[in-house]
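Note on naming: letters A, B, ... go to the chains in the order of the sequence lines (proteins, then strands), and numbering restarts at 1 for each one.
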Amino acid sequence: MLSISQELVDKIIAHAWADHPDEACGVIAGSVGSDRPERFIPMENAERSPTFYRFDSMEQFRVWREMDDRDEEPVVVYHSHTSTEAYPSRTDISYASEPNAHYVLVSTADPDNVQFRSFRVLDGVVTEEKVEIVQA
Amino acid sequence: MAIEVRIPTILRTYTDGAKSVNAAGATLSDLIGDLESRHPGLKERIVDDSGLRRFVNVYLNDEDVRFLGGLDTPVADGDTVTVLPAVAGGKR
């Protein structure tokens, strides 16, 4: 289960709309082992594409080092799908490489029904999990 | 002196959980060979027949080695090499 504040959910969805129709992506850092997402870090989609995203490698390096220095880890790795449902694609699964992360997918395909879903992806196996909104 | 190699969470199974390990070599390619001799299995998670795996980013100090010399990039004692999984995906 992903426990996350409404404020962070809103920030992810706002970022998805800001970059729509391109895919938006980013991470939410939290203390190592806490499983609590706390620090919102929108990332640049180096691909600037409606069908693909990739963290800019130098931005990722700076952000990962900063997390390391603060004893944080990427608790949430998020991205948006802008014309398909919020479910991990084959590409998403093949790249998923943070074993402790919740992979959040947002779909902006239907403006009246924005999807926000969370998954674990381990060794190519996708498991959807419940999202619980908690007090910040 | 040695070269410090920082290992991402997903590859720490090869380093007994260590966040960073030491290795030696004159180029990144040599260094990865030396890593493999100390931590068998690590090499194939970083490189394949065509070079650096596309799922992986490798940095020498503060630079992405893809913008340097790739596997031929010279390395020296005191350098830090950081391995990170690339974060990417998409709708297909």
Side-chain angles (χ1 to χ4, degrees), chain A residues 21-23 25-27 32-33 41 43-47 49-65 67-68 71 73-74 77-101 103 105 107-109 119 121-123, chain B residues 3-22 28 39 41-71 73 75 78-92:
Chain A
D22 288 345
E23 295 195 4
C25 55
V27 299
V32 170
I41 311 169
M43 302 282 288
E44 185 176 323
N45 177 1
E47 302 284 330
S49 160
T51 56
F52 198 73
Y53 80 97
R54 177 189 293 275
F55 285 6
D56 174 79
S57 70
M58 291 313 301
E59 183 181 27
Q60 186 189 351
F61 179 73
R62 289 189 297 272
V63 166
W64 256 244
R65 183 160 63 183
M67 285 193 287
D68 223 28
D71 284 324
E73 62 186 347
V77 176
Y78 73 86
H79 77 283
S80 64
H81 286 175
T82 58
S83 63
T84 54
E85 70 169 331
Y87 192 85
S89 66
R90 265 188 302 175
T91 314
D92 294 336
I93 296 163
S94 62
Y95 271 98
S97 52
E98 288 291 346
N100 299 329
Y103 283 87
L105 271 129
S107 173
T108 51
F119 304 86
V121 186
L122 267 184
D123 298 328
Chain B
I3 297 161
E4 181 190 14
V5 183
R6 297 178 77 158
I7 305 292
T9 311
I10 195 165
L11 297 183
R12 289 179 196 159
T13 49
Y14 298 97
T15 59
D16 293 326
K19 286 171 76 167
S20 79
V21 295
N22 288 333
L28 184 60
H39 308 283
L42 206 44
K43 180 179 178 178
E44 75 166 305
R45 300 298 298 271
I46 302 173
V47 297
D48 59 20
D49 294 342
S50 57
L52 279 176
R53 283 185 175 276
R54 66 194 173 98
F55 300 104
V56 170
N57 295 331
V58 178
Y59 307 85
L60 173 63
N61 301 319
D62 292 352
E63 289 291 329
D64 185 333
V65 300
R66 288 192 175 89
F67 304 135
L68 300 172
L71 288 172
T73 304
V75 294
D79 282 340
T80 300
V81 169
T82 303
V83 179
L84 288 183
V87 181
K91 77 168 191 179
R92 295 202 180 89

Worksheet item: What is the minimum heavy-atom distance between A/F61 and B/L84, and which atoms define it?
Response: CA-CD1, 4.1 Å
Fill in: Part of A/Q60 within contact of chain B (heavy atom distance under 4.5 Å)
both
Worksheet entry | Among the listed options A/H81, A/E73, A/E47, the residue most often paired with chain B at heavy-atom distances under 4.5 Å | A/H81
Practice prompt. Heavy atoms only, distances under 4.5 angstrom: which of B/L11, B/D62, B/T82, B/N57 has the most pairs with chain A? Name it, please.
Written response: B/D62
Practice prompt. Start with the C-alpha gap between B/I46 and B/R53, add the side-chain angles, then the distance that decides, and say whether side chain to side chain contact (heavy atoms under 4.5 Å, CB included) holds.
Written response: CA-CA 6 Å; B/I46 302 173; B/R53 283 185 175 276; over 6 Å; no
Fill in: Toward chain B, the part of A/N45 with a non-hydrogen atom under 4.5 Å
neither
Worksheet, complete the sentence: Looking only at heavy atoms, the pair that brings A/V63 and A/M43 closest together is CG2-SD, 3.8 Å
Discussion item. Ignoring hydrogens and geometry beyond distance, is a side-chain donor-acceptor pair present between A/S57 and B/D64 at under 3.5 Å?
Written reply: yes
Item to complete: Mind checking the CE-OH spacing from A/M58 to B/Y59? Nearest 0.5 Å is all I need.
Response: 6.5 Å
Worksheet entry | Distance-only side-chain donor-acceptor flag, A/R54 / A/Y95, under 3.5 Å | yes
Worksheet item: Picking from A/I93, A/N100, A/T91, which has the most non-hydrogen pairs under 4.5 angstrom with chain B?
Response: A/T91
Discussion item. Set out, in order, the CA-CA distance, both residues' side-chain angles and the distance that settles side chain to side chain contact (heavy atoms under 4.5 Å, CB included) for B/V87 and A/V77, then state yes or no.
Written reply: CA-CA 9 Å; B/V87 181; A/V77 176; 3.8 Å; yes
Practice prompt. Name the region of A/R62, side chain, backbone, both or neither, that has any atom closer than 4.5 Å to a heavy atom of chain B.
Written response: neither
Discussion item. Less than 4.5 Å to any heavy atom of chain A: does that hold for the side chain of B/R66, its backbone, both, or neither?
Written reply: neither
Response to the item:
With chain A, the option among B/K19, B/R54, B/E63, B/R6 that has the most non-hydrogen atom pairs under 4.5 Å is B/R54
Worksheet item: Tell me, side chain or backbone of A/S94 under 4.5 Å from chain B's heavy atoms, or both, or neither?
Response: both
Practice prompt. Can you tell which part of A/T84 gets under 4.5 Å to a heavy atom of chain B, answering side chain, backbone, both or neither?
Written response: side chain
